[in-house]
Amino acid sequence: MARARVPRSTARQTAEHRRLVALQAATAALSGAVTPAEVAAVVLDHGLALLGARAGSVSALAAGGALERLDARGLDGDLIAALHAASAATPGPAADATRAGKGIWLESPSAIEARYPPFAAVARRGGFGALAALALLVRGRPVGALAFWFAAPHRFGAADRSFAIALADACALALERARLFESERRLRAAAEETAAAIQELDPFRVLVDQVTDYAIFMLDPHGFVRTWNRGAERIKGWRAAEIVGQHFSRFYPEADARAGKPARALAAAAASGRFEEEGLRVRKDGSTFVADVVITALRDGRGELRGFAKVTRDVTERLRAERERLRLAQVEEGRRARDQFLAIAAHEFRTPITTLDLYTQALLRGLERGEDAPISEAAPRLRIIHRQSVRLAHLVQAMLDVVQITAGRLALHPEPVDLAAVVREAMERWREALGRAGCPLELRVDRSIAGQWDRARLEEVIDQLVSNAVKFGAGHPVEVCVEARDGEAHLAVSDHGIGMSEEDQRRIFQRFERAVPLAHYGGFGLGLWLVRNIVEAHGGDIQVWSAPGKGSRFDVTLPRM
């Protein structure tokens with residue numbers, strides 16, 4: 001008896017029914033998968049049998065666009081590496097399907113080789129004759145790819161494609177659900193950890209809340225206020241209900257906030273663990289105060305940033321008190337400097353005044369006795385009187401210069417000046433004094449050095465430097481050199497006298513400083529201070545080179561204005 005033949009349409013319906021049952025079984029199994037790896041395992045377990053494929057893989061789209069392999073079956077290491085080492089932007093079946101959001105169907109080895117030459121050799125070695133790659137889509141957004149490899153060329157009919165796409169859709173939804181489960185688990189764990197930490201720190205929170213001298217509060221990782229203590233309310237003016245949830249940039253002046261200063265402070269604290277500064281902050285009523293601020297980054301046991309602790313102290317009154325102490329100290333320093341100056345001035349004026357008095361009385365006594373001494377006998381006394389008068393004039397000028405410089409009113413009157421001529425004239429004036437001190441003069445001067453300078457002030461500089469050379473180098477040569485070099489004028493005055501130490505060199509240009517005792521050499525201790533101020537007022541510079549017992553050289557550089 002002949003066996004009845006089953007119609008082709010009936011056989012096709014039976015195959016489709018089996019696939020539908022298998023798809024329902026796969027969907028039911030996916031509902032119990034709670035991790036991405038479990039989802040991939042279920043899909044491959046059911047999908048390979050459902051489609052009759054020899055191998056398969058499931059990939060998920062990770063951060064940065066990389067395709068991350070979740071599971072693979074029936075593939076050797078080379079093909080797995082080729083499929084999953086690239087990003088979603090790199091050509092490949094899974095990557096192209098993910099990028100395009102639709103399936104790729106290659107039904108023969110030649111089709112595989114034509115589209116993906118790099119995979120051809122690996123596919124031949126694995127004995128694959130066809131492949132299908134499908135995008136895993138959730139609400140039109142790609143989340144990964146599903147790929148199947150077949151042992152022989154395979155024609156993907158409408159039923160094959162429908163079942164493969166349905167399986168990919170079920171896989172995508174299950175994968176998205178698994179990721180949400182994982183995220184929820186992480187959030188729950190973090191919440192439990194935070195709750196435990198809060199419970200552990202609760203006594204500390206009570207302590208912090210009672211502090212009123214410091215504003216102590218917490219910010220979330222983005223800078224929004226999360227806690228607020230009584231000190232913060234007292235210093236900044238906001239109650240907790242008004243400020244919690246607000247961004248801490250409200251505490252900055254508007255210009256600082258616009259310039260991004262709050263964000264830079266948080267970035268610095270996150271990078272190094274701590275940020276500290278002293279700056280202006282704003283209260284609720286709009287008034288400002290000077291704040292000493294410390295921001296500390298708070299991280300959990302895994303090193304993840306959980307927020308920031310911020311401690312602010314109002315230091316306005318402290319700074320005001322410091323400024324007042326500084327002002328009083330400056331007043332006291334000014335008083336001491338005045339008293340010292342007056343004491344030195346009294347000492348300096350006493351000698352020439354006493355000399356003037358003695359020689360003037362001697363001349364007067366001669367006149368009263370009717371003596372008619374020749375001019376030649378009176379001349380030495382008159383020259384001494386003249387020198388002491390000049391000395392008094394210099395002392396008076398020095399006092400006036402001190403007053404002007406201290407008040408910031410050192411006036412210059414620049415005019416066309418030949419520095420070489422000024423130095424030659426000054427040395428003529430000093431020739432007699434140099435001779436009395438036993439100081440041979442060695443003068444080297446360029447023919448002409450023109451510039452725009454205050455002639456009288458330059459004469460003060462020259463006289464002071466030569467006076468120092470005579471005072472501290474008596475009995476030794478004095479060298480004066482003037483030259484033009486590199487668009488500047490250079491004046492050097494050298495002696496071969498007592499010299500000075502490096503420590504003395506660092507302070508001799510300061511007011512009332514001297515390298516030798518007042519009793520031995522006299523002077524205000526102002527000469528080099530005056531010289532430095534005059535030179536710097538011209539835009540120049542003065543340097544000293546010296547050593548004990550080796551003399552000193554002062555170099556003045558002046559721009560030829």
Mind checking whether Phe251 and Trp238 have parallel, tilted or perpendicular rings, split at 30° and 60°?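 The rings of Phe251 and Trp238 sit tilted, inter-plane angle from 30° to 60°.
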List the steps and the verdict of side chain to side chain contact (heavy atoms under 4.5 Å, CB included) for Leu131 and Ile112. CA-CA 8 Å; Leu131 74 84; Ile112 296 174; 4.0 Å; yes
Test side-chain hydrogen bond (donor to acceptor under 3.5 Å, both in side chains) on Asp96 and Tyr116 and set out the steps. CA-CA 11 Å; Asp96 287 351; Tyr116 300 111; 2.6 Å; yes
Minimum-distance pair of heavy atoms, taken over all atoms of Ala270 and Arg299: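 Where Ala270 meets Arg299 most closely, the heavy atoms are O-NH2, 2.9 Å.
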Tell me if the NZ atom of Lys284 is crowded by more than 12 foreign heavy atoms within 6.0 Å.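 For Lys284, atom NZ is crowded (more than 12 foreign heavy atoms under 6.0 Å).
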salt_bridge([X], [Y]) N-O dist < 4.0 Å:
X	Y	result
Glu233	Arg230	no
Glu176	Arg141	yes
Arg306	Asp220	no
Arg69	Asp71	no
Arg532	Glu536	yes
Glu278	Arg318	yes
Arg506	Glu503	no
Lys261	Glu277	yes
Glu182	Arg179	no
Asp285	Arg283	no
Arg281	Asp256	no

Looking at Trp149, is Arg54 sitting on its ring face, NZ or CZ under 6.0 Å from the six-membered ring centre and within 45 degrees of the normal?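 Ring-cation test returns no.
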With a 4.5 Å cut-off on side-chain heavy atoms, are [Y] and [X] touching?
X	Y	result
Ser546	Gln505	yes
Glu324	Leu328	yes
Phe289	Leu280	no
Leu187	Arg185	no
Val544	Ile508	yes
Leu134	Ile165	yes
Ser59	Leu70	no
Ile542	Asp555	no

Run the ring-centre check on Phe150 versus Phe156 and record whether the distance is less than 6.0 Å.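 Yes, ring centres under 6.0 Å apart.
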